[in-house]
Number of protein chains: 2
Amino acid sequence: MSTAQGARARARIEVTATIKDEARRQLAAEGAAKLSLRAVARELGMVSSALYRYFASRDDLLTALIIDAYDSLGESAEHAHAALAQARPMERWVTVCEAARGWALAHPHEYALIYGSPIPGYTAPQATVPAASRVGLLLIGITRDAHRGPGLTGPALADELRPEAERIAADLAPDLPPETATALVAAWAQLFGLIGFELFGQFNRVVEDRERFFRHAVTQLARGVGLD
Amino acid sequence: MSTAQGARARARIEVTATIKDEARRQLAAEGAAKLSLRAVARELGMVSSALYRYFASRDDLLTALIIDAYDSLGESAEHAHAALAQARPMERWVTVCEAARGWALAHPHEYALIYGSPIPGYTAPQATVPAASRVGLLLIGITRDAHRGPGLTGPALADELRPEAERIAADLAPDLPPETATALVAAWAQLFGLIGFELFGQFNRVVEDRERFFRHAVTQLARGVGLD
DNA sequence: CACAAACGAGAGCACCGCTCTTGCTCCGAC
DNA sequence: GTCGGAGCAAGAGCGGTGCTCTCGTTTGTG
């Protein structure tokens, strides 16, 4: 169904990919703000209006790039994780975090696109959700594995937070204690806080040996969700 | 020296402030991407070229807004903190964090400007540094107070991180143990990770009761730096 | 084979940041 | 007190942007 779909459909897919590639090139080179449909078209030898056959608007193109970026990051993390699926959860956790950081450092503008500020009138399209979850799912899986054996839970929960914590656990990982699930979500956000601060220059003149600092910080994060 | 500086200088200051106000209005309404010099000028009844007497470029205007935003956030946090300067460090810590979150929720676009992705060809101007440090200084002060009495330190430091940790401590707070100073820097980044995730929609369909979740998470952050 | 859908090209609209030139106005030094 | 220079607003204009509309052409299908 997907292969012999006629030359037209195939051409369309190919052109779409070419446009995204060139757009990604410009994104990496200059950042999202300077990504210009006209420049993409120019570089591809088309006229700008022709691009609108493939993407309804500049924001649409950007959205496509966002999804690709989430997927690229997710794939990178999954790949790193797969290489040591048998290791201790703590090692796997640190590895996934380091893969995310490595990807972010290698693709700063794409990282900014997905974890930086929402650009236009925002409201992230629903279509991005699955791609966006991949790193999170990895962390959930690792934590779940770690909790298979001993039953140590996270820090005590205030009464007022308990309903929410139970809801989070039920949604994310029903087999995890609410304390752990909550700590996990927090760790997830905090991980990207660390990466963002490094990437966006907030650590300038503060943290020098960022690699080691990061490793230490995410290790602590892991301890917070019960790994060791 | 600042009052009777001649009508010309005074007018210049006033016009500059008016421009920033209108720019801030547009920033709050539409986001940084749609902040247009021409629109600001139009709204002010000037012609666009006249604005260039006051700001050398759009990026210059944005930089001025960034500094103001840092100051606004810092002032908001300092104000909240001052109200309970006598309380226990933990309470003060949580209060400062909540003030930062509150400010961010109230000024999402300004928050995105300072803690989101760097917009233009980036490289945050050096002039932003003092304003940007205010929340961090608050957290350092609280932690320092907490460590005045008992001598409990943070989590053990791997040997490989020790030199960096000692450097961080020496730079930031020489009277704090390196373990604590390192944890503090991490907590600082993680705090804004939490705020950013909530603000930029990453918590949609994940965390519902964000207020309580946040309070819990920053309490844990505080524990990580030795408060209780 | 014919017809409709998909497509590329081009012109054009409204907007953008920024520059340059032109006069006016006000301030301060003489 | 005057007069020149600095500061200022205005306008026109340049090259760029996203996006729309129209117009032939290609192309796959009923």
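Protein chains get the first letters and strands the later ones, always in sequence-line order, with residue 1 at the start of each.
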Would you kindly give the [atom1]-to-[atom2] distance between [X] and [N], to the nearest whole Å?
{"X": "B:Met46", "N": "D:dG7", "atom1": "CE", "atom2": "P", "value": "17 Å"}
{"X": "A:Leu51", "N": "D:dT20", "atom1": "CG", "atom2": "C1'", "value": "14 Å"}
{"X": "B:Glu14", "N": "D:dC8", "atom1": "CD", "atom2": "P", "value": "13 Å"}
{"X": "B:Lys34", "N": "D:dT17", "atom1": "NZ", "atom2": "C1'", "value": "14 Å"}
{"X": "A:Ile19", "N": "C:dG8", "atom1": "CD1", "atom2": "C1'", "value": "12 Å"}
{"X": "B:Tyr52", "N": "D:dG11", "atom1": "OH", "atom2": "P", "value": "17 Å"}
{"X": "A:Arg42", "N": "C:dG8", "atom1": "CZ", "atom2": "P", "value": "18 Å"}
{"X": "B:Asp59", "N": "C:dC16", "atom1": "CG", "atom2": "P", "value": "16 Å"}

(message) Of the options D:dT17, C:dG17, C:dA9, whose atoms approach the side-chain atoms of A:Ala39 most closely?
(response)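 Within the option list, the nearest is D:dT17.
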
(request) Verify the contact: side-chain N or O of A:Ser36 to OP1 or OP2 of D:dT17, cut-off strictly under 4.0 Å; return yes or no. (result)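 True: A:Ser36 side-chain N/O within range (under 4.0 Å) of D:dT17 OP1/OP2.
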
Is [X] side chain donor-acceptor paired with the [N] base, going by distance under 3.5 Å alone?
{"X": "A:Ser48", "N": "D:dG18", "value": "no"}
{"X": "B:Arg38", "N": "C:dG17", "value": "yes"}
{"X": "A:Arg53", "N": "C:dG8", "value": "yes"}

Main chain of [Y], side chain of [X]: is a donor-acceptor contact present, judged purely on distance under 3.5 Å?
{"X": "A:His81", "Y": "A:Ala77", "result": "no"}
{"X": "B:Trp93", "Y": "B:Val218", "result": "yes"}
{"X": "B:Glu164", "Y": "A:Glu208", "result": "yes"}
{"X": "A:Ser72", "Y": "A:Asp68", "result": "no"}

(request) Select base, sugar-phosphate, or nothing to describe what A:Tyr54 touches, counting heavy atoms under 4.0 Å on all strands. (result)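 The answer is sugar-phosphate, as A:Tyr54 gets under 4.0 Å only of primed atoms, P, OP1 or OP2.
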
(request) Looking at every strand, decide which applies to A:Leu35 at a 4.0 Å heavy-atom threshold: base, sugar-phosphate, or nothing. (result)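 The residue A:Leu35 makes sugar-phosphate contact but no base contact.
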
(request) Could you say whether B:Arg12 or A:Ala56 is positioned toward the 5' end of DNA chain D, judged by the nucleotide with the nearest heavy atom to each? (result)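 The residue closer to the strand's 5' end, by nearest nucleotide, is B:Arg12.
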
(message) Between A:Arg25 and A:Asp21 (salt bridge meaning N to carboxylate O under 4.0 Å), is one present in this structure?
(response)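 No, no charged N to carboxylate O under 4.0 Å.
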
